[in-house]
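Written below as structure tokens is the structure these notes are about.
Residues take their numbers from the sequence shown, with the count starting at 1. We use all heavy atoms of the structure for the numbers below, so side chains are in, but hydrogens, waters and symmetry mates are not. Note that the structure is a prediction, hence the values are computed from the model and not measured.
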Amino acid sequence: MDGIAVTRRFQAVLAAARLPRQRFHDLRHARASLLLAQGVAPRVVMETLGHSQISLTLNTYSDVIPALGRAAVDQMDAVLGTHPADVAAG
């Protein structure tokens, strides 16, 4: 595939969808971020991206990780039925 042709076609698709310009490579980052945000294990994301080490994946997408921590707290809250702040206030 010709990289220039792919880029032009991608930009045309974005324009037709009234989306902002972005690099084709940005799709890779979006995919990884979405997978992590959906709770896919970082090791699976690492393998999908072809990274040789988990540290590369975790360092590159560290901005997504804090949100995952909050999601974990919310899931535990759902299982246990109370949140520590609720107990302290109540």
Side-chain angles (χ1 to χ4, degrees):
M1 293 174 53
D2 177 40
I4 293 173
V6 170
T7 298
R8 285 186 182 145
R9 178 69 181 132
F10 179 58
Q11 294 306 322
V13 169
L14 289 174
R18 299 181 132 187
L19 294 170
R21 289 181 58 87
Q22 60 181 303
R23 299 172 307 151
F24 188 78
H25 188 76
D26 292 338
L27 293 175
R28 176 180 170 90
H29 294 291
R31 177 182 181 211
S33 296
L34 289 171
L35 288 172
L36 289 167
Q38 290 176 352
V40 174
R43 167 102 20 216
V44 173
V45 176
M46 176 199 90
E47 292 170 358
T48 300
L49 295 172
H51 290 163
S52 60
Q53 297 180 359
I54 191 74
S55 59
L56 176 59
T57 305
L58 294 173
N59 288 338
T60 303
Y61 299 100
S62 61
D63 57 321
V64 180
I65 303 302
L68 298 178
R70 179 63 198 164
V73 169
D74 290 343
Q75 288 176 345
M76 286 300 291
D77 186 38
V79 169
L80 299 175
T82 59
H83 190 280
D86 296 336
V87 174

Closest heavy-atom contact between Pro42 and Leu58? CB-CD2, 3.7 Å
Kindly check if the number of other-residue, nucleotide or ligand heavy atoms within 6.0 Å of CZ (Arg8) is above 12? no
Report yes or no: does Asp26 contribute a side-chain atom to a donor-acceptor pair with the main-chain N or O of Gln22 at less than 3.5 Å? no
Distance in Å, Thr7 OG1 paired with Arg21 CZ, rounded so as to fall on 0.5 Å steps: 9.0 Å
Between His51 and Tyr61, how do the two ring planes meet: parallel, tilted or perpendicular, split at 30° and 60°? parallel
Count I, L, V, M, F, W, Y as connected when their side-chain heavy atoms are under 4.5 Å apart, and connections chain through other members. Are Leu27 and Leu34 then in the same cluster? no
Kindly compute the distance separating CG (Leu19) from CZ (Phe10), expressed to the nearest 0.5 Å. 8.5 Å
Closest heavy-atom pair and its distance - Ala32, Val45: CB-CG1, 4.0 Å
Within the 4.5 Å heavy-atom criterion, are Leu56 and Met46 side-chain neighbours or not? no
Rounded to the nearest 0.5 Å, what's the gap from CD on Glu47 to CD1 on Ile54? Could you check? 8.0 Å
Step by step, would you call Leu35 with Arg31 a side chain to side chain contact (heavy atoms under 4.5 Å, CB included)? CA-CA 6 Å; Leu35 288 172; Arg31 177 182 181 211; 4.1 Å; yes
